[in-house]
Amino acid sequence: MSLPWAKNLVGISLTDEEMKDIPNPVAELGVHVTLKTVQAFGLIGTLVIAPISTFGGRGTFARQATKFGKWGVVLGLVTGPALTYGRLQSIKFDEKGVYDRCYRLRHNYNQVRVDRGSIVGAVAGAGLFPVLGSCPVLGSLVGMSTGVIAMAAYNQSQSKK
C-alpha cells in the first residue's frame with residue numbers, strides 16, 4: 001500500500017501522477033479483494049444469516065448477528081487472499097494487467113466510496129455501541145454493513161441523475 005492509495009481512500013484529491021504511483025499492485029489488489037470479501041461475508045452473516053438463525057429460536061438477534069457477522073469477516077479475511085492468488089494464477093499473472101486494474105480501481109469512485117463507508121461505519125459502530133451498552137464487535141459489524149448499504153444506495157441515486 002502507498003500514501004496515494006490511503007489519500008484516495010479518505011477522499012483527498014490526487015493528481016493523475018499520484019494515482020499512477022502504485023508501488024505494489026499485487027498487494028493493493030489483494031487488499032481490495034479482501035476488503036470486498038470481508039464486506040460481503042460480514043454483511044451476509046450479520047443481516048441475512050443472523051435473522052434466519054434468530055427466527056429459528058437459537059438466541060437473540062444481537063448475539064446471532066455478532067456470531068455470524070464475526071465468522072463472515074473471518075471467512076472474508078481468509079477467502080480474499082485465496083481468491084486473489086487463484087485469479088492471478090489463472091491469468092498467468094500479468095503484472096501490467098494487475099497494475100492497470102489497480103489504477104482503474106483507484107479511479108472508480110463508487111468502489112472507493114463504499115470502501116470508505118464500510119471503514120467509517122465499522123469504526124463509528126465500534127465506538128458508539130459500547131456507549132449504548134452493547135458489544136463493540138456488534139457495533140462494528142452493524143456499522144460496516146450500514147456503511148456499505150448507505151454508500152451503495154448513494155451511488156445508485158447518483159447514477160440516475
Side-chain angles (χ1 to χ4, degrees), residues 1-2 4-12 24-91 98 101-102 104-161:
M1 310 313 341
S2 63
W5 175 83
K7 285 180 172 180
N8 190 48
L9 182 64
V10 298
I12 297 172
N24 195 342
V26 174
E28 191 165 314
L29 184 63
V31 167
H32 167 75
V33 172
T34 301
L35 183 56
K36 290 301 168 194
T37 56
V38 164
Q39 291 168 352
F41 291 136
L43 190 139
I44 290 168
T46 304
L47 300 179
V48 177
I49 306 298
I52 292 169
S53 181
T54 303
F55 183 70
R58 294 197 173 103
T60 66
F61 174 74
R63 180 174 296 220
Q64 298 301 77
T66 302
K67 175 183 174 181
F68 290 110
K70 182 172 52 178
W71 280 110
V73 168
V74 169
L75 181 62
L77 287 169
V78 171
T79 307
L83 286 172
T84 304
Y85 177 78
R87 180 64 179 151
L88 290 176
Q89 293 305 312
S90 73
I91 61 171
V98 174
R101 177 71 180 136
C102 291
R104 287 184 287 123
L105 284 169
R106 286 185 178 192
H107 280 283
N108 186 338
Y109 297 114
N110 289 342
Q111 285 273 5
V112 174
R113 194 176 294 119
V114 170
D115 292 348
R116 188 180 312 134
S118 73
I119 293 167
V120 168
V123 171
L128 182 61
F129 269 52
V131 173
L132 301 174
S134 190
C135 174
V137 173
L138 176 61
S140 65
L141 292 165
V142 170
M144 179 189 70
S145 299
T146 302
V148 168
I149 292 168
M151 293 300 98
Y154 176 80
N155 289 342
Q156 188 65 26
S157 73
Q158 295 302 301
S159 70
K160 292 184 178 183
K161 289 184 177 180

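Everything numeric here is computed off the predicted structure, so don't read it as measured data. By convention here, the first residue in the shown sequence is residue 1.
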*Specify the closest pair of heavy atoms between Leu105 and Leu29, including all atoms of both residues, with the distance to one decimal.*
CD1-CD1, 4.0 Å

*Can you check side chain to side chain contact (heavy atoms under 4.5 Å, CB included) on Val38 and Met144, steps first, answer last?*
CA-CA 10 Å; Val38 164; Met144 179 189 70; 4.1 Å; yes

_If you count heavy atoms of other groups shown closer than 6.0 angstrom to CZ of Arg116, is the number above 12?_
yes

*Any chance you could measure Phe68, atom CZ, to Ile44, atom CD1, to the nearest 0.5 Å?*
13.5 Å

*Without swapping roles, check the side chain of Thr34 against the backbone of Val31 for a donor-acceptor pair under 3.5 Å.*
no

*Does Cys135 reach the side chain of Phe129, with side-chain heavy atoms less than 4.5 Å apart?*
no

*asked:* For a side chain to side chain contact (heavy atoms under 4.5 Å, CB included) check, start with the C-alpha distance between Asp115 and Gln39, then their side-chain angles and the critical distance, and finish with the verdict.
replied: CA-CA 9 Å; Asp115 292 348; Gln39 291 168 352; 3.2 Å; yes

*Is the closest side-chain donor-acceptor distance between Gln111 and Asn155 under 3.5 Å?*
no

*asked:* Working to the nearest 0.5 angstrom, can you tell me the gap between Leu141 CG and Leu47 CG?
replied: 9.0 Å

*In terms of side-chain heavy atoms, does Gln64 have a donor or acceptor partner in Lys67 at a distance below 3.5 Å?*
no

_Nearest atoms (heavy-atom pairs only) where Met151 meets Gly117_ = CG-CA, 3.8 Å

*For Thr66 and Ala62, work out which heavy atoms get closest and say how close.*
OG1-O, 2.8 Å

_Test your reading of the model: is there a side-chain donor-acceptor pair from Ser53 to the backbone of Ala50, 3.5 Å cut-off?_
no

*How close do Pro25 and Cys102 get, heavy atom to heavy atom, and via which atoms?*
O-SG, 3.2 Å

*asked:* Taking OH in Tyr109 as the centre, count heavy atoms belonging to other residues, nucleotides or ligands within less than 6.0 Å. Is the count above 12?
replied: yes

*Quick one: does Ser145's side chain have a donor or acceptor within less than 3.5 Å of a partner on Val142's backbone?*
no

_Tell me the closest heavy-atom pair linking Leu35 and Ile119, and the distance in Å._
CD2-CD1, 4.4 Å

*asked:* For Ala122, is there any backbone N or O sitting under 3.5 Å from a side-chain donor or acceptor partner on Ser140?
replied: no

*Begin with the C-alpha distance, continue with both residues' side-chain angles, and end with the deciding distance and a verdict on side chain to side chain contact (heavy atoms under 4.5 Å, CB included) for Val114 and Lys36.*
CA-CA 9 Å; Val114 170; Lys36 290 301 168 194; 3.8 Å; yes

*What are the two closest heavy atoms between Leu138 and Ala65, and how far apart are they?*
CD1-CB, 3.7 Å

*asked:* Going by salt bridge (charged side-chain N to carboxylate O under 4.0 Å, His left out), name the residues that satisfy it together with Arg113, two or more places apart in sequence or in a different chain.
replied: none

